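Step one of this worksheet: look at the structure below.
Quick caveat: nothing in here was measured; it's all calculated off a predicted structure. First the proteins, then the strands, lettered A, B, ... as listed; each starts at 1.
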Protein chains: 2
Amino acid sequence: MVNSTTSLLTTARTKLEEYLLKKGLRRSLERFAILEEVYSRDDHFDAEDLYQAMHQRSFAVSRATVYNTLDVLVDCGLVRKNQFGDEDNTKSRFEKGLGRQQHAHLICVNCHRVIEFCDPRLQLIKTTVGDTMQFQVESHSLVFYGECADEECVARTKAATASASSNSMA
Amino acid sequence: MVNSTTSLLTTARTKLEEYLLKKGLRRSLERFAILEEVYSRDDHFDAEDLYQAMHQRSFAVSRATVYNTLDVLVDCGLVRKNQFGDEDNTKSRFEKGLGRQQHAHLICVNCHRVIEFCDPRLQLIKTTVGDTMQFQVESHSLVFYGECADEECVARTKAATASASSNSMA
DNA sequence: GTATGTGCAAAATCTTTGCAACTGT
DNA sequence: ACAGTTGCAAAGATTTTGCACATAC
């Protein structure tokens, strides 16, 4: 059996190549190197994370290239761009686009952890809404905000809440 | 029958008052004036829109106050803060928080129009996920991205696509 | 060889913050 | 009176852009 991460990257590389050719864009080393970095990760990273990772990987690219390439990868569906409204308003968080259909996110409002889940009913809603509203749905973003059950997070939050309430009493 | 917009504002004002008292915050004129402006609108506005509207309404407040007050209103559930990842990454768009339970948004990737809809299955997903993942869900954000059926938008997009494809052929 | 892409730093945009003046309690 | 709020402008943070150099085609 083939390593699934590797085969995913292979598929992604092929897709990127096709996309670039179709659009008449150049197959620069940077674009493939960034794609490789993206597909080596399993988290939700921001542009700066990727920039730093590329430098540690000793394939130094500029921030401009990171942003440019992420745009290209989002455009061809190889990367998903998320705007979780939890911690930092202004920055986007990215993730692999392949191999994770109709998934959604849970965000802990306390520790900002990102948890993924799938629910087939999401697909049903998408279909219904597209039909009812005459809207050609291309993609979606479903995020639930709340409190996770992680022990450490719960303990830290409890402590913070306690001190906050004693503040407001002062 | 009572005007529903007015009664919504009345309810909102009461809720804000209760919240401010509970938190020991001041009931400043600015906060209530901004709440009134928010509840007089039915769109998805950004902080700058609100700032401009307050000035035209001849109740000039600073941007800092707009941001501060929006935070307060979001915190007490009277305003919803959205981060639609369509046009502008960096800015949030706000809307009334009262009188629109479990609603979601459709965003046209071409004209950036915002359409609202409701689907009871969203609530079902929320419950299931909360139980399955041991996650205390507090709020959600569901956005579908796609192409709307508005004539003008379709025509404009068709024209833009045609010129873009002729570009790539050049 | 030429048009595209990259790198750097400066610009642009949204949002937050420091400090003085003001105001609700 | 006093602590919380406001206003202003300056700082912060992320993302975009202009121009010179490099490179894929």
Side-chain angles (χ1 to χ4, degrees), chain A residues 16-35 37 44-52 54-55 58-76 79 81-94 164 167-170, chain B residues 16-35 44-52 54-55 58-75 79 81-94 164 167-170:
Chain A
L16 177 55
E17 202 140 328
E18 288 169 357
Y19 175 84
L20 294 175
L21 282 170
K22 192 184 72 186
K23 289 274 188 174
L25 299 172
R26 290 188 185 168
R27 286 167 289 169
S28 68
L29 290 178
E30 287 83 356
R31 284 174 177 160
F32 287 93
I34 289 175
L35 181 72
E37 173 61 29
H44 298 75
F45 54 91
D46 61 38
E48 185 66 19
D49 292 334
L50 187 52
Y51 172 79
Q52 297 297 342
M54 293 304 291
H55 280 250
S58 66
F59 194 111
V61 294
S62 70
R63 285 189 182 78
T65 300
V66 169
Y67 282 102
N68 167 32
T69 302
L70 281 173
D71 274 353
V72 170
L73 296 177
V74 167
D75 209 57
C76 62
V79 166
K81 182 176 191 170
N82 303 293
Q83 307 225 223
F84 303 138
D86 61 327
E87 187 170 18
D88 203 317
N89 276 317
T90 64
K91 82 180 158 200
S92 302
R93 276 187 271 175
F94 304 87
N167 277 340
S168 79
M169 299 215 184
Chain B
L16 177 55
E17 202 140 328
E18 286 169 358
Y19 174 84
L20 294 175
L21 281 170
K22 190 183 72 185
K23 290 274 185 174
L25 299 172
R26 290 189 185 167
R27 287 167 287 170
S28 69
L29 291 177
E30 288 83 355
R31 286 175 175 158
F32 287 94
I34 289 175
L35 181 72
H44 298 74
F45 54 91
D46 61 38
E48 185 66 18
D49 293 334
L50 187 52
Y51 172 80
Q52 296 298 342
M54 293 304 290
H55 279 250
S58 65
F59 196 110
V61 293
S62 71
R63 286 190 182 78
T65 300
V66 168
Y67 282 102
N68 166 32
T69 303
L70 282 173
D71 273 354
V72 170
L73 296 177
V74 167
D75 209 57
V79 166
K81 182 176 191 169
N82 302 293
Q83 308 223 227
F84 302 138
D86 61 326
E87 188 170 18
D88 202 318
N89 276 318
T90 62
K91 81 179 157 201
S92 302
R93 276 187 271 174
F94 303 87
N167 277 340
S168 78
M169 298 217 182

Practice item. Give a yes or no on whether the backbone of T65(A) and the side-chain of T69(A) come within a donor-acceptor separation of less than 3.5 Å. Key: yes
Review point. Would you say a side-chain N or O of N68(B) is under 4.0 Å from OP1 or OP2 of dT6(D)?
Key: yes
Review point. How about E30(B) and N68(B): do any of their side-chain heavy atoms sit closer than 4.5 Å?
Key: no
Point to revise | Considering all heavy atoms, the nearest A47(A)-F94(A) contact | key: N-CE1, 4.1 Å
Review point. Which comes earlier along DNA chain C counting from the 5' end, the contact point of K81(B) or that of R27(B), where each point is its nearest nucleotide?
Key: K81(B)
Practice item. Supply the atom-to-atom distance Q83(A) CD to S92(B) OG, rounded to the nearest 0.5 angstrom. Key: 8.5 Å
Check your understanding: Roughly how many Å is it from CZ in R93(A) to P in dT14(D), rounded to a whole number?
Key -> 12 Å
Check your understanding: Between dT6(D) and S62(B), is there an OP1 or OP2 to side-chain N/O distance shorter than 4.0 Å?
Key -> no
Exercise for review: Using whole Å, report how far CG of L20(A) lies from P of dT4(C).
Suggested key: 14 Å
Review point. Any N or O donor-acceptor pair linking the side chain of R26(B) to the base of dT23(C) at under 3.5 Å?
Key: yes
**Study point:** From CA spacing to verdict: side-chain contact (heavy atoms from CB on, under 4.5 Å), R93(B), F84(B)
**Key:** CA-CA 7 Å; R93(B) 276 187 271 174; F84(B) 302 138; 3.7 Å; yes
Check your understanding: Atom CD of Q83(A) and atom P of dT14(D): how far apart are they, to the nearest Å?
Key -> 13 Å
**Study point:** Shortest side-chain distance from Y67(B), nucleotide among dT5(D), dT6(C), dT15(C)
**Key:** dT15(C)
Revision key, fill the gap. The answer to which of H55(B) and L29(A) contacts DNA chain D further toward the 5' end, by nearest nucleotide, is H55(B)
Practice item. For E17(A) and dC25(D), give me the distance from atom CD to atom C1', rounded to whole Å. Key: 14 Å
Practice item. Would you please confirm or rule out a distance under 4.0 Å between OP1 or OP2 of dT14(D) and any side-chain N or O of R63(A)? Key: no
Exercise for review: For D46(A), report the nucleic acid contact type (base, sugar-phosphate, nothing); a contact means any heavy atom under 4.0 Å.
Suggested key: nothing
Practice item. Identify, between E30(B) and A60(A), the residue whose nearest nucleotide on DNA chain C lies closer to the 5' end. Key: A60(A)
**Study point:** Between P of dT16(D) and CG of L70(A), the distance in whole Å
**Key:** 10 Å
Exercise for review: In whole angstrom, give the distance that lies between atom OH of Y51(B) and atom P of dT15(C).
Suggested key: 14 Å
**Study point:** Phosphate-side-chain proximity, T90(B) and dC14(C), N/O vs OP1/OP2 below 4.0 Å
**Key:** no
Revision key, fill the gap. Taken to the nearest whole Å, CG/L16(B) to P/dT5(D) is 12 Å
Review point. For S28(B) and dG24(C), is the shortest distance between a side-chain N/O and OP1 or OP2 below 4.0 Å?
Key: no
Study note, to complete from the structure: Checking dT6(D), dC8(D), dC8(C) against the side chain of A64(A) (C-beta onward), the nearest is dC8(C)
Point to revise | Candidate nucleotides dT6(D), dC8(C), dT15(C), ranked by approach to the side chain of A47(B) - the nearest | key: dT15(C)
Revision key, fill the gap. note: D49(B), atom CG; dT15(C), atom P; distance rounded to Å ~ 11 Å
Exercise for review: Give, for atom CD1 of I34(B) and atom CG of L29(B), the distance between the pair rounded to the nearest 0.5 Å.
Suggested key: 11.0 Å
**Study point:** Nearest listed nucleotide, side chain of K91(B), among dT15(D), dC14(C), dT6(C)
**Key:** dC14(C)
